[in-house]
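Here is the structure we will look at, set down as structure tokens.
This is a predicted model, so every value here is computed, not measured.
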Amino acid sequence: MSQTVDRALSILPLLAEGPADLGQVADRLGVHKSTALRLLRTLHEHGLVYRQSDQRYRLGARLFALAQEAMENLDVREIAHPHLVRLNESCGHTVHLAVYEENEVLYIDKVESRYPVRMYSRIGKPVAITVAAVAKLLLADLPEHERRAVAEKLDYPMYTSRSTPHASAFLRELEKVREQGWATDLGGHEESINCVAAPIRGADGRVVAAMSVSAPNVVVTADELLTLLPLVRRTADAISGEYSGRTPVKGTV
């Protein structure tokens, strides 16, 4: 039975390459045409493959519907939270998870620092979009015309001397973030707070969320915080793998 299931499932990536006839399916599986036909008929009955008028088979609409339903029911916060907790236990600093929704970047999860000096941030609260590291990652992933449109609509408050001053500077920063695959906020929102962040990607490679580690200067310097970047990126990659279904569930720290 397990071999039959394995063979049936092996048909799906073949058809993802394009329509194929019975002979091509049988050859790819290394089975007789009668065996391939039984497998195709079963998949057809469940709507996972469709037989065209030219007798070739392609992926069925039911498969796309299932994929869409699965994506809609994915909760990136639920998947990410255990990873954020382990990261926090490893480094001790505040860990945030954020998403981009309706022209705002919002925190959707937070694990508090174990140190007495803590950050003032709340789940559900919008971040300072022109300086926050998580915001840079989320906006950097937008298509260029959308990035430009968003940047030109924003106000650029000078929270500190390191804040982003205007749209052109912001767009340059987003391009840099897009190329390097991570972001920082080194005193851009509050002089005493530094942050490093990494993206969480879905199955299509697009950024669906961003996570960060933040700490005040009195606890750790900016240079010391930057040494955590590889750990932050590994954690983000692990969450991405689990969210997209590319890797099995396992610890990251």
Side-chain angles (χ1 to χ4, degrees), residues 1-87 97 99-100 108 137-138 140-143 178-182 198-211 230-253:
M1 179 62 72
S2 61
Q3 186 182 48
T4 300
V5 173
D6 182 69
R7 285 173 172 170
L9 293 177
S10 296
I11 293 173
L12 300 179
L14 166 61
L15 298 185
E17 299 171 9
D21 61 26
L22 179 60
Q24 290 172 307
V25 173
D27 289 345
R28 176 67 71 90
L29 296 180
V31 300
H32 194 273
K33 284 185 178 181
S34 61
T35 300
L37 182 59
R38 284 197 301 272
L39 295 171
L40 285 164
R41 282 176 173 170
T42 299
L43 292 172
H44 183 269
E45 289 171 3
H46 288 275
L48 301 180
V49 304
Y50 177 79
R51 190 174 69 175
Q52 302 177 161
S53 58
D54 62 2
Q55 305 306 307
R56 292 190 302 165
Y57 294 84
R58 60 173 171 81
L59 295 179
R62 177 62 177 156
L63 188 64
F64 297 105
L66 288 171
Q68 181 63 34
E69 185 176 353
M71 288 300 297
E72 290 174 354
N73 289 328
L74 277 178
D75 183 347
V76 69
R77 180 186 180 278
E78 181 178 351
I79 291 170
H81 186 74
H83 296 272
L84 304 184
V85 170
R86 285 193 290 271
L87 177 59
L97 180 69
V99 296
Y100 181 57
I108 60 171
L137 284 164
L138 290 160
D141 191 61
L142 296 175
R178 188 180 179 91
E179 291 177 1
Q180 68 189 15
W182 50 274
I200 296 167
R201 300 181 184 273
D204 59 358
R206 296 295 305 276
V207 176
V208 296
M211 56 156 296
L231 179 58
V232 174
R233 298 185 75 180
R234 286 200 301 273
T235 302
D237 287 345
I239 298 169
S240 298
E242 189 175 336
Y243 181 80
S244 64
R246 293 193 306 268
T247 57
V249 178
K250 60 182 180 180
T252 58
V253 178

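- No side-chain heavy atom of Ile200 sits less than 4.5 Å from a side-chain heavy atom of Asp237.
- The CG atom of Leu39 sits 10.5 Å away from the CG atom of Asp6 when rounded to the nearest 0.5 Å.
- A heavy-atom distance below 4.5 Å is found between the side chains of Met211 and Thr235.
- Here the side chain of His46 pairs no donor or acceptor atom with the backbone of Leu48 at under 3.5 angstrom.
- Residues Leu22 and Gln55 have side chains not in contact (no heavy-atom distance under 4.5 Å, counting atoms from C-beta outward).
- Separation of atoms CD1 (Ile239) and CG (Leu84) is listed at 5.0 Å; rounding is to 0.5 Å.
- Counting all heavy atoms, side chain and backbone alike, Arg233 lies closest to Gly181 at NH2-O, 4.0 Å.
- Listed here is the closest heavy atom pair of Leu29 and Ser10: CD2-CB, 3.7 Å.
- Once rounded to the nearest 0.5 Å, the distance linking NE2 of His44 with CZ of Arg62 reads 14.5 Å.
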Exercise. Taking it one step at a time, do Val25 and Lys33 satisfy side chain to side chain contact (heavy atoms under 4.5 Å, CB included)?
Worked result: CA-CA 8 Å; Val25 173; Lys33 284 185 178 181; over 6 Å; no
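- Using a 4.5 Å heavy-atom threshold, the side chains of Val208 and Tyr243 count as touching.
- Between Asp54 and Arg56, at least one side-chain nitrogen of the basic residue sits less than 4.0 Å from a carboxylate oxygen of the acidic one, meeting the salt-bridge criterion.
- Arg206 places a side-chain heavy atom less than 4.5 Å from the side chain of Asp141.
- Salt bridge present: Glu17 and Arg28 bring a charged side-chain N and a carboxylate O closer than 4.0 Å.
- A heavy-atom distance below 4.5 Å is not found between the side chains of Gln52 and Tyr57.
- Counting all heavy atoms, side chain and backbone alike, Ala20 lies closest to Leu15 at CB-CD2, 3.8 Å.
- Distance check, rounded to the nearest 0.5 Å: CZ of Arg58 to CG of Leu14 gives 14.5 Å.
- Looking at every heavy atom in both residues, Gly202 comes nearest to Ser244 through C-CB, 3.8 Å.
- Note: Ile108 CD1 to Leu97 CG = 4.0 Å, rounded to the nearest 0.5 Å.
- Residues Arg38 and Thr4 have side chains not in contact (no heavy-atom distance under 4.5 Å, counting atoms from C-beta outward).
- Counting heavy atoms from C-beta on, the side chains of Ile11 and Leu43 come closer than 4.5 Å.
- Interatomic distance, His81 NE2 to Arg86 CZ, rounded to the nearest 0.5 Å: 10.5 Å.
- In this structure, the side chain of Glu78 does not engage the main chain of Asp75 through any donor-acceptor pair within 3.5 Å.
- Of all the heavy atoms in Val207 and Ala209, the pair that sits closest is CG1-O, 3.3 Å.
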